[in-house]
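Each residue takes its place number in the sequence, starting with 1. All values derive from a computational prediction rather than experimental measurement.
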Amino acid sequence: MANSINIDSKRLTDSLQTLGKIGQYKDVATGLTGVRRLALSAEDGEGRRHVVSLMKQAGLTVTIDRIGNVFARREGTNPTLAPMMMGSHIDSVPTAGMFDGCLGVMSALEVIRTLNDNNIETLRPVVMAFFTDEEGCRFGVDMLGSAVATGRIPLEQAYALRDRDGLWFKDELEKIGFQGEAPVLLKPPHAYLEVHIEQGPVLRAKNLDIGVVAGVQAISWQELTIQGKPAHAGTTPMELRADAGVAAARINLRMREMTEDAKYGTQFRATMGAIRPHPGLVNIIPGQVIATVDVRNPEDAFLKKAEADLIAFYDEVARREKVKITWRQTARTDSVRFNDTVQALVSKGATSRNLKSERIISGAGHDAQEMSHICRAGMVFVPGEFDGISHNPREFSTPEQCANGVNVALDVVLALANEA
C-alpha cells in the first residue's frame, strides 16, 4: 500500500519556503538571504505559532510541555497504543538556511497530510513533534528540549541556563508564550523517525538518494575562559606578556594537529567555533578570551582520549603563556547506534522506490539520538547541493531530493504505525 501513494512534493516545498520566510535576514558576507530564528527569540515564537496553526489545520490535537516541546497527535484506531512519532526542530543557528531541522518537521506534517488525503487509518496514533533549542547556539546546550523530554537533563537545570546577554532560558520561554503545562518527561513512543538533510557532502558525491543513518558520533562541547593581562601593544615587551589571544591560538592549532594524529582515529574532528577576545581592540593585548571547543568522534574511546589530552594541554599552555585557563563542559553525548529494525525499514523503503541508498554515520547531533534512549529510533538523510553545505544561507536540497526522503519516511511510518 505504501508505494501506491506519494506525498505532495509541491506542498512540501511550499511549506518549507513559507516557514523559511520567518526570521529571514540578509547575510552581509555573501549577500544571500538566510534564516535567523534563534531558540526562544521573537522569530522562533512566530515560527512556532505558524507551525502550530498548520498542525491544527491538519486536524491534530496539540500539546505543549513545560520545556516548550510541541506535539501534535493524529489518532489511531487503537488510541491506547504508544504512538509512532516523527519530528525535529525549527530553531536555527544565526546563519542558517531553510532546511536544517525544518525539513524533519515539515516532513512529519506532510506524511500526516498524505494520510488524511488518502483516508488512511493507522492502528497506532501518529504524532509529529518539534523540540525546543536543538541547535544550542543561544543557551550553550544542544538538543536541549529532547534531552529534557527523555530525562538526560533536568528541567530546572534547563530553566537556569542563560544566554550571552544574561537572559534566563525560563524567562525567554515564558516571553514567547510556549511554557506549556504538559509533563516534561515524555512517555516512550512506539518508535521515532526523523528526516533530515545530511549536512555534508557524502550522499551527493556518491550520487545517492537516501542515507540510512546508522548512528550519531560522540560529541563534546567545552567553553574556555582564558585570563591574561590586558596591556599596551606597543610598550609591553613580548617576554612580559600574558596574552590570552596567543593562548587560544595555541589550543586551536593543537586541536588541528590532533585531527591528523592516528591515535585519535581517522574520523576525529575539532573546531574552535567562537573566539571572543576582550577588550577586542587593535592596540591592546587581549586580557581575556572566551572560546569554545567542539570535538567529535564516532568512537567513544578516541573521544575520551582526545578530551583528556586537551585538558592536559590547557595546563601546558597556561604555564607557557602565563595565563589562567578554566573550562566547563557545556554539552556531552556518547555515540549512538540507531535501531536495526528502523534502519532496515528505511533501506527497504528506498529499495522499493528504486532509490539508491547507503548506511551513513551522522556527524551532527540530532533529536533522534536523544529519543533513541527511550524508544526505537532512526533517521532518513537526504543529500544536499553545494557539497551539502549547512548552517549557511546556501544550504539547499532539491524538491526531488526532499520528496524522496519523505516518501521513504511515509513507508516507514505506515509499517511502524500498524505494528500490533
Side-chain angles (χ1 to χ4, degrees), residues 19-25 34-52 55 62 64-71 87-106 108 128-150 152-180 182 184 186 194 196-197 199 219 221 223 273-274 292 294 330-333 364-371 390-393 395:
L19 180 57
K21 292 177 182 177
I22 300 174
Q24 274 190 349
Y25 81 104
V35 176
R36 180 172 294 151
R37 208 163 46 233
L38 296 179
L40 310 191
S41 64
E43 294 79 10
D44 185 27
E46 184 182 350
R48 285 165 168 264
R49 287 186 289 274
H50 170 70
V51 176
V52 168
M55 291 170 159
V62 178
I64 305 173
D65 70 13
R66 294 175 64 200
I67 195 70
N69 297 323
V70 178
F71 305 94
S88 194
H89 64 97
I90 66 166
D91 68 289
S92 82
V93 298
T95 58
M98 69 178 189
F99 294 87
D100 181 2
C102 300
L103 176 60
V105 177
M106 293 296 101
M128 69 171 287
F130 64 84
F131 295 98
T132 296
D133 196 5
E134 189 271 354
E135 292 292 1
C137 55
R138 181 176 180 191
F139 294 95
V141 180
D142 57 346
M143 284 86 70
L144 184 61
S146 53
V148 171
T150 56
R152 182 170 68 84
I153 295 177
L155 177 62
E156 294 305 320
Q157 180 179 326
Y159 278 173
L161 293 170
R162 294 193 188 199
D163 67 9
R164 292 181 184 178
D165 297 321
L167 299 175
W168 296 97
F169 179 96
K170 184 178 181 182
D171 291 345
E172 295 300 283
L173 183 62
E174 290 175 348
K175 186 184 298 183
I176 65 168
F178 274 85
Q179 186 182 23
V184 76
L186 186 62
E194 184 168 347
H196 210 282
I197 56 173
Q199 299 182 281
I219 303 171
W221 285 4
E223 182 183 80
T292 59
D294 177 325
T330 56
R332 179 66 166 82
T333 53
H366 300 287
D367 293 308
Q369 73 191 70
E370 299 295 337
M371 293 298 295
S390 184
H391 289 184
N392 184 293
E395 176 183 277

Determine the minimum heavy-atom distance between [X] and [Y], stating which atoms define it.
{"X": "Ile22", "Y": "Val35", "result": "O-CG1, 3.9 Å"}
{"X": "Pro393", "Y": "Gly34", "result": "CB-CA, 3.9 Å"}
{"X": "Thr132", "Y": "Ile67", "result": "OG1-O, 3.0 Å"}
{"X": "Leu144", "Y": "Val141", "result": "CB-O, 3.6 Å"}
{"X": "Ser390", "Y": "Ile197", "result": "OG-CD1, 3.9 Å"}
{"X": "Val105", "Y": "Met128", "result": "O-CE, 3.5 Å"}

Rounded to the nearest 0.5 Å, what separation is found between the [atom1] atom of [X] and the [atom2] atom of [Y]?
{"X": "Phe131", "Y": "Ser88", "atom1": "CZ", "atom2": "OG", "result": "8.5 Å"}
{"X": "Glu135", "Y": "Met143", "atom1": "CD", "atom2": "CE", "result": "9.5 Å"}
{"X": "Ile153", "Y": "Tyr159", "atom1": "CD1", "atom2": "OH", "result": "14.0 Å"}
{"X": "Thr330", "Y": "Phe139", "atom1": "OG1", "atom2": "CZ", "result": "14.0 Å"}

Under 3.5 Å, sequence neighbours excluded: what are the donor-acceptor pairs made by side chains of residues 94-102?
{"from": "Thr95", "atom 1": "OG1", "to": "His391", "atom 2": "O", "distance (Å)": "3.1"}
{"from": "Asp100", "atom 1": "OD1", "to": "His89", "atom 2": "NE2", "distance (Å)": "3.4"}
{"from": "Asp100", "atom 1": "OD1", "to": "His196", "atom 2": "NE2", "distance (Å)": "3.0"}
{"from": "Asp100", "atom 1": "OD2", "to": "Gln199", "atom 2": "NE2", "distance (Å)": "3.2"}
{"from": "Asp100", "atom 1": "OD2", "to": "His391", "atom 2": "NE2", "distance (Å)": "3.0"}

>> I'd like to check Tyr25 versus Glu43 (side-chain heavy atoms, cut-off strictly below 4.5 Å). Are they in contact?
In response: no

> Would you call Asp44 and Ile90 a side-chain contact if the rule is heavy atoms closer than 4.5 Å?
Replying inline: yes

> Yes or no on side-chain contact (heavy atoms from CB on, under 4.5 Å) for Leu19 and Arg37, after CA distance, side-chain angles and deciding distance?
Replying inline: CA-CA 10 Å; Leu19 180 57; Arg37 208 163 46 233; 3.9 Å; yes

> Between the side chain of Asp133 and the main-chain N/O of Ala39, is any donor-acceptor distance below 3.5 Å?
Replying inline: no

>> Just to verify, what does Glu194 make a salt bridge (Lys or Arg N to Asp or Glu O under 4.0 Å) with, not counting sequence neighbours?
In response: none

> After noting the C-alpha distance and the side-chain angles of Val70 and Val62, does the key distance pass the side-chain contact (heavy atoms from CB on, under 4.5 Å) rule?
Replying inline: CA-CA 7 Å; Val70 178; Val62 178; 3.9 Å; yes

>> Checking Arg49 now: which residues fulfil side chain to side chain donor-acceptor pair (under 3.5 Å) with it, not counting sequence neighbours?
In response: none

> How would you list, by chain and number, every residue that makes a side chain to side chain donor-acceptor pair (under 3.5 Å) with Ser146, sequence neighbours excluded?
Replying inline: Asp367

Hey, can you pull the donor-acceptor pairs under 3.5 Å for the side chains in residues 164-178, sequence neighbours left out?
{"from": "Glu172", "atom 1": "OE1", "to": "Arg138", "atom 2": "NH2", "distance (Å)": "2.8"}
{"from": "Glu172", "atom 1": "OE2", "to": "Lys175", "atom 2": "NZ", "distance (Å)": "3.0"}

> Can Arg66 and Val148 be said to form a side-chain contact (heavy atoms from CB on, under 4.5 Å), step by step?
Replying inline: CA-CA 10 Å; Arg66 294 175 64 200; Val148 171; over 6 Å; no

> Does a side-chain N-to-carboxylate-O contact under 4.0 Å join Glu370 and Arg152?
Replying inline: yes

